[in-house]
Amino acid sequence: MLDRKFIVENAELVKNNCALRGSKADVDRFLVLDGKRREKQADVDDLNRQANEVSKSIGQTKDPAEREARKTRGRELRDKTAAAQADLDAIAAELDSVQRSIPNLSHPKAPVGGDDQANLELRKGKTPLPRFDFKPLDHVQLGERLALIDFEGGAKVAGHGFYFLKNDAVLLELALQRYALDLLIAEGFTPTITPDLARNEVLQGTGYIPRGPETQIYSIADSDLSLVATAEITLGGLLSDEIVDAERLPLLFCGISHCYRTEAGAHGRQTRGLYRVHQFTKVEMFAFTLPEASEAMLDRFCDLECRLFDGLGIPYRVVDTATGDLGGPAYRKFDLEAWMPGRGEAGEYGEVTSTSNCTDYQSRRLGIRYRTKGEKGTQFVHTLNGTAIAISRALIAILENYQEADESVRVPEALRPLVGKERIVAPAG
RNA sequence: GGAGAGGUGGCUGAGUGGUCGAAAGCGCGGGUUUGCUAAACCCGUGACCGGGUAACUGGUCCGCAGGUUCGAAUCCUGUCCUCUCCGCCA
């Protein structure tokens, strides 16, 4: 969320930004509530002060009658205080909910627009688009013919949107995890495998909303836990309510987690195959940085994503995400869209990774601060997240780009030592 | 799952109803001493929300949420977490 004082002092800016983002957050309501809150707070403070004075004086009063008189006075004051506090709590609760609904500011260079149609292509990857002298199959067909993906089996045990990976697809999944990890470890990231469940409080801190009507999140009955939609949630929560020394920053983590998404309201759009599924594995990058370092870190994350996909020999383009498509927490976001030859009439780009600079929007909610030696007070860190590799979508890109006329699939050079073979062919029989 | 112990400031750790936002130590900042460094000594040093140009000042915070009381770090209830032991188990 944004800083309360900042919103008050920059109300017009915040309102304009809400408009750019297509957010319906009620900034005017926020301003009214904030004024009320301050008045009420002053009342409560004053009553508390009086009550504290009376309480202190009782301890020093010897005369029993005088003590009783002061106790009565104290009771009266505490009653008034409690009433005022209740008013204040009600105001503060509404204020907080409005404040949380206000999206982060937008980077001045982020393209303005209502949805992903306005995204701006920045550049393309090193690998040229593949040329096929046959009609390429899509990954669903390939997955079936090579016995790599079993959607029917997945649907049978867990419903539509679930799948079994089989045979060499399992090796590919593990190879992709290891491939991403090897690069990130070399880059100084601390590798982690994170919980697949998190407290709802942590979900909310990172900007995810469990149990809403349009929630993307699976909740666990009779608990305050949800299945995570990404390791961004668990890695962000890792340092919640902590104060770190400035010289320890930046902190770089990468995390393997399973990602669970209900995909509520996503029916009818790109639901074929592995593109939009309820569960997949992801290697996620996460950074906590000083405020002045977050822009450069976003470029670094984007560059790492490019290196991973260049290394896999997959064609892609990088897009700068439009303001209306940024969601709540992101200040700026870059997506990698890989070429998927089996998609649409003659191939289309489809999002495979995404990296965001959330500035202090998440850290303010999560209470993640840093302290600089010799300086008074603390400040909020900046948080960034980026997909290293989302396995399901990477699989689509690999299968479709590396297919051959005989329906076999070459294993990308970089993965061959990890998969242990050069080519995936249909199992005998 | 059963039995205990405990969660206090950046860290360690005192504190069992009033003057405690909280001893002491570490760390950190400043100073004295010093050829330099180190050591020693002295002073200062929590976070958050308000008011004030400022000096300064009001309030909140001792895992979290409630309760008792004029008054709670301290007593009570619930909850989360950590540790030890027992049971079960991959």
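Within every chain, numbering begins at 1; the chains are lettered A, B, ... in the order of the sequence lines, protein sequences first and strands thereafter.
Closest non-hydrogen pair, A:N104 versus A:T359, comes out as ND2-OG1, 2.9 Å.
Between A:R37 and A:R70, the residue whose closest nucleotide on RNA chain B is further toward the 5' end is A:R37. For A:Q41 and A:R67, each mapped to the nucleotide of RNA chain B holding its nearest heavy atom, the one lying further toward the 5' end belongs to A:R67.
Going from atom CD1 of A:I58 over to atom P of B:rG18 covers 14 Å, rounded to whole Å. Taking atom CD on A:Q50 and atom C1' on B:rC70, their separation rounds to 14 Å, with Å as the unit. Protein atom CD of A:E201 is 12 Å distant from nucleotide atom P of B:rC81, rounded to whole Å. The distance between atom CD of A:E39 and atom C1' of B:rC49, rounded to the nearest whole Å, is 16 Å. In this structure, A:D241 atom CG and B:rA47 atom P are separated by 16 Å, rounded to whole Å. As a whole-Å value, the separation of A:M1 CE from B:rC48 P is 14 Å. The CG atom of A:L225 sits 14 Å away from the C1' atom of B:rU79 (whole-angstrom rounding). Separating the NZ atom of A:K71 from the P atom of B:rU68 is a distance of 16 Å, rounded to the nearest angstrom.
Using P as the reference atom, B:rG52 and B:rA40 are 46 Å apart when rounded to the nearest Å. Comparing the P positions of B:rU8 and B:rU82 gives a spacing of 14 Å, expressed to the nearest Å. For the C1' atoms, the distance from B:rC43 to B:rA47 is 23 Å, rounded to whole Å. A gap of 13 Å separates the C1' atoms of B:rG9 and B:rC20, to the nearest Å. Of the C1' atoms belonging to B:rG10 and B:rC48, the separation is 16 Å, rounded to the nearest Å. On the P atoms, B:rC83 is 35 Å away from B:rU60, given to the nearest whole Å. Taking atom P on both nucleotides, B:rU37 is separated from B:rG51 by 45 Å, rounded to a whole Å. Only the C1' atoms considered, B:rG17 is 11 Å distant from B:rA73, to the nearest whole Å.
Between A:T72 and the phosphate of B:rC70, there is no side-chain N or O to OP1/OP2 separation shorter than 4.0 Å. Look at A:R199 and you'll find a side-chain N or O under 4.0 angstrom from OP1 or OP2 of B:rC81. Note on A:N52: every side-chain N or O is 4.0 Å or more away from OP1 and OP2 of B:rC70.
For A:I220, the CD1 atom counts as densely surrounded, since its 6.0 Å shell holds more than 12 non-hydrogen atoms of other residues, nucleotides or ligands.
The A:S55 side chain lies nearest to B:rG18 when the options are B:rU69, B:rG18, B:rG51. Of the candidates B:rG10, B:rG18, B:rG59, the closest approach to any side-chain atom of A:I243 belongs to B:rG10. Residue A:N48 places its side chain closer to B:rG59 than to any other of B:rG59, B:rC48, B:rG10. The side chain of A:T378 approaches B:rC48 more closely than any other nucleotide in the set B:rG58, B:rC48, B:rG18.
Summarising the base pairing, B:rA72 is matched to no nucleotide, lacking a Watson-Crick or G-U wobble pair whose two defining distances lie under 3.5 Å. B:rG9 is unpaired under the Watson-Crick or G-U wobble criterion, no partner having all donor-acceptor distances under 3.5 Å. Pair assignment for B:rU77: B:rA65, on the basis of Watson-Crick or G-U wobble contacts that are both within less than 3.5 Å. Judged by Watson-Crick or G-U wobble contacts below 3.5 Å, the nucleotide B:rG29 has B:rC43 as its partner. Across all strands shown, B:rC83 forms a Watson-Crick or G-U wobble pair with B:rG4, both key distances being under 3.5 Å. Pair assignment for B:rC20: none, as no Watson-Crick or G-U wobble contacts are both less than 3.5 Å. In this structure, B:rG58 and B:rC49 make a Watson-Crick or G-U wobble pair, each of the two defining distances being under 3.5 angstrom.
Aromatic ring pairs are classed by plane angle as parallel below 30°, tilted from 30° to 60° and perpendicular above 60°; the pair A:Y218 and A:Y260 is perpendicular. Ring-plane geometry between A:H160 and A:H278 is classed as perpendicular, the angle between the planes exceeding 60 degrees on a 0 to 90 degree scale with a lower cut at 30.
Side-chain atoms of A:R248 stay outside donor-acceptor range of the base of B:rG10, with no qualifying N/O pair under 3.5 Å.
Between A:K15 and A:E12 there is a salt bridge, with a side-chain nitrogen of the basic residue lying less than 4.0 Å from a carboxylate oxygen of the acidic one.
With hydrogens and angles ignored, the 3.5 Å screen pairs no side-chain donor or acceptor of A:E284 with any backbone N or O of A:G255. The closest donor-acceptor contact from the side chain of A:T355 to the backbone of A:N385 lies under 3.5 Å.
Remark: A:L122 pairs with A:L120, A:V318, A:D320, A:F334 by the side chain to side chain contact (heavy atoms under 4.5 Å, CB included) rule, at least two apart or across chains.
Looking at heavy-atom distances under 4.0 Å, A:R78 makes contact with sugar-phosphate atoms alone, never a base.
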